[in-house]
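Structure first, commentary second.
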2 protein chains.
Amino acid sequence: MEHEKRVPINNSLIAALPQKDRRHFLAGCEKVKLVLSEVIGEPGEALRHIYFPTDSFISLVRPIQGHTGLEVALVGNEGMHGISVVLGIDSSYSHVLVQGEGLAMRMDVASFRRELRLSQALQQLLNRYIYVRLCQLEQTAACTRFHVVEERLARWLLMTHDRAFSDELHITHEFLAFILGVRRVGITRAAGSLQKRNLISYRRGIITVLDRRGLEAASCNCYRADRTTYDDILGEKLQNMTICEDDMHTTSNQDIFKPRSSGPERAH
Amino acid sequence: MEHEKRVPINNSLIAALPQKDRRHFLAGCEKVKLVLSEVIGEPGEALRHIYFPTDSFISLVRPIQGHTGLEVALVGNEGMHGISVVLGIDSSYSHVLVQGEGLAMRMDVASFRRELRLSQALQQLLNRYIYVRLCQLEQTAACTRFHVVEERLARWLLMTHDRAFSDELHITHEFLAFILGVRRVGITRAAGSLQKRNLISYRRGIITVLDRRGLEAASCNCYRADRTTYDDILGEKLQNMTICEDDMHTTSNQDIFKPRSSGPERAH
DNA sequence: AAACTGATGTACGTTAACGAACATAGAGCA
DNA sequence: TGCTCTATGTTCGTTAACGTACATCAGTTT
């Protein structure tokens with residue numbers, strides 16, 4: 001049940017803050033463990049906390065009348081949950097589900113609002129992150145319209161692999177179907193095809209990434225597009241980032257999510 | 001070729017500013033005429049102006065590798081084009097096309113940035129608008145995945161009707177296919193069906209809305225959802241809005257786009 | 001009036017999904 | 001060990017799209 005984590009890690013957004021702002025910010029955070037399949041938000045509910053995953057990750061699933069729903073964002077250590085608060089609203093229209101068990105920093109909404117007022121750097125950084133999310137959402141909308149299930153599945157596995165720091169992803173076909181807005185049978189077929197091509201292997205509730213490069217080839221280029229977007233918009237900000245020396249796991253700069261880096265592959 | 005406009009109108013966002021801020025803001029704007037099918041932005045280009053349509057409207061179409069593209073936003077007098085600048089970025093990933101001929105207020109990017117710094121009210125208002133766009137984009141993503149062409153077409157016609165202030169919409173099947181990301185034939189069939197049901201009528205390049213209520217019934221509820229979102233997020237802000245007494249067309253409060261208002265239907 | 005251009009109509013076979021139902025098989029529990 | 005969930009595998013016919021091709025028709029131009 002326990003993942004074997006490859007790299008303990010910090011949250012990239014927090015890490016990108018100037019040291020002084022970050023110290024202050026972290027002082028207002030608490031570290032929480034997110035449990036697999038935990039629900040930390042429902043449509044209509046007001047947000048109570050802002051989450052900055054470190055080695056956990058969560059997905060936002062938009063419900064839609066008479067259908068299963070569709071994932072509209074996947075948030076790991078490269079991002080945050082609660083962008084609406086940055087924009088002055090604390091409502092949510094989505095289910096918020098823990099996809100990957102692990103730790104996150106979180107802050108209650110009121111404190112977060114205060115931090116935002118205090119730190120221009122935080123404001124600017126999160127504004128950019130919001131723009132990234134907007135672009136990625138546009139990408140997802142188009143992707144969902146045009147690309148076949150197998151490509152979309154490959155894309156999702158890659159995105160998740162980036163955030164999981166493990167080759168083993170804990171998820172069932174049933175749930176993947178929910179996320180991608182297709183039938184379970186559709187996932188079984190697509191996953192079977194990817195397995196036959198030796199890109200992944202799976203057994204009851206666990207999918208193992210075997211060949212990252214192969215998966216990239218099998219996915220639509222929306223995966224690449226998303227990373228490029230992230231890098232284009234947040235790249236320069238993340239350049240300046242420093243290492244958090246708080247009480248969290250220590251980590252080196254390389255470990256932090258850096259899109260389009262030509263760094264070492266995580267698979268194998 | 002000329003639309004017969006029903007109501008001259010102001011932009012709701014600008015109208016919602018406190019009088020003082022609005023005066024200052026309008027002083028930095030220029031009024032421009034947007035011509036049908038004009039392209040005012042391309043993917044990769046930096047934005048040069050922010051647009052606040054009054055009786056014009058524009059659509060943002062996201063290109064996607066190997067496919068025709070997909071509309072990711074429709075902006076009329078209820079909104080603005082250039083939200084990325086509010087978030088600190090002036091790039092664009094979409095085609096920006098004039099769908100409805102008419103006037104818009106616009107401001108160059110540098111001035112706009114200055115105004116943003118000066119007016120807290122402007123900032124807050126536009127942040128909320130950005131959140132609306134985000135929610136509507138989520139809606140569109142899910143809608144595009146699950147709903148059939150005929151429902152999606154009906155939805156689009158309603159959205160456009162709201163922004164056009166005319167029952168005659170100038171658009172071809174070919175172009176609608178581009179917007180909705182389907183084949184032209186698919187539009188011809190769907191439009192034919194709506195026409196047979198006496199909800200619309202059309203001839204070469206012009207679609208006439210005959211029965212708004214009927215169209216609402218024929219569309220997916222995404223149309224309603226979008227309006228509800230707009231109202232929930234921006235409603236209270238728009239309550240305070242006052243009439244612009246600048247050199248634009250004069251207008252009454254009722255004429256301004258107010259989602260979920262139980263006001264008079266525009267059709268007939 | 002004739003010719004031309006672009007918009008719309010219709011028809012073909014093809015495909016990637018769909019919904020539903022049932023079969024098999026792992027994992028944990030009694 | 002066997003029982004019971006739950007996850008995965010497979011099959012059925014159905015459907016809403018798809019790509020392509022060609023026919024018709026309405027404005028506009030010559």
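Chain identifiers are assigned alphabetically (A, B, ...) following the order of the sequence lines, protein sequences preceding nucleic acid strands; residue numbering begins at 1 within each chain. Just so you know, these numbers use all the heavy atoms, side chains as well, and skip hydrogens, waters and symmetry mates.
Counting to the nearest Å, the P atom of C:dA16 and the CG atom of A:Leu153 are 16 Å from each other. The interatomic distance linking B:Arg183 (CZ) with D:dA21 (P) rounds to 13 Å, in whole Å. Distance, A:Arg145 CZ to C:dA16 P: 14 Å, rounded to whole Å. Whole-Å rounding puts the A:Ile207 CD1 to D:dA7 C1' distance at 12 Å. Atom P of nucleotide C:dA25 and atom NE2 of A:His173 are separated by 16 Å, given to the nearest angstrom. Taking atom CZ of residue A:Phe146 and atom P of nucleotide D:dG19, one finds them 9 Å apart after rounding to whole Å. The nearest whole Å value for the distance from the CG atom in A:Leu180 to the P atom in C:dC18 is 11 Å. Here the C1' atom of nucleotide C:dG9 and the CD atom of B:Glu174 are 14 Å apart, to the nearest Å.
Nucleic acid contact class of A:Val185 (heavy atoms, under 4.0 Å, all strands): base. Looking at heavy-atom distances under 4.0 Å, B:Gly205 makes contact with sugar-phosphate atoms alone, never a base.
Here the side chain of A:Val149 is nearest to one of C:dT8, D:dG9, C:dA17, namely C:dA17. The side chain of A:Val148 approaches C:dA16 more closely than any other nucleotide in the set D:dG27, C:dA16, D:dA7.
Position along DNA chain C of the nearest nucleotide to A:His67 versus B:Ile171 favours B:Ile171 as the more 5'-ward residue. Across the interface with DNA chain D, nearest-nucleotide mapping of A:Arg184 and B:Arg204 shows A:Arg184 to be the residue nearer the 5′ end. Comparing B:Gly186 and B:Arg203 by the nucleotide of DNA chain D that holds the closest heavy atom to each, the one mapping nearer the 5' end is B:Gly186.
The main-chain N or O of A:Tyr202 is never found under 3.5 Å from a side-chain atom of A:Thr208 such that the two would form a donor-acceptor pair.
Between B:Ile64 and A:Cys143, the closest heavy-atom pair is CD1-N, 3.7 Å.
Within a 6.0 Å radius of CZ in B:Arg189, no more than 12 heavy atoms belonging to other residues, nucleotides or ligands are found.
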Checklist entry - Can A:Leu169 and A:Ile200 be said to form a side chain to side chain contact (heavy atoms under 4.5 Å, CB included), step by step? => result CA-CA 10 Å; A:Leu169 313 176; A:Ile200 62 173; over 6 Å; no
Item to check | A:His81/A:Leu47 under side chain to side chain contact (heavy atoms under 4.5 Å, CB included): CA gap, chis, key distance, verdict | outcome: CA-CA 10 Å; A:His81 165 53; A:Leu47 269 78; 4.1 Å; yes
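For D:dA26, the OP1/OP2 oxygens have no side-chain nitrogen or oxygen of B:Tyr202 closer than 4.0 Å.
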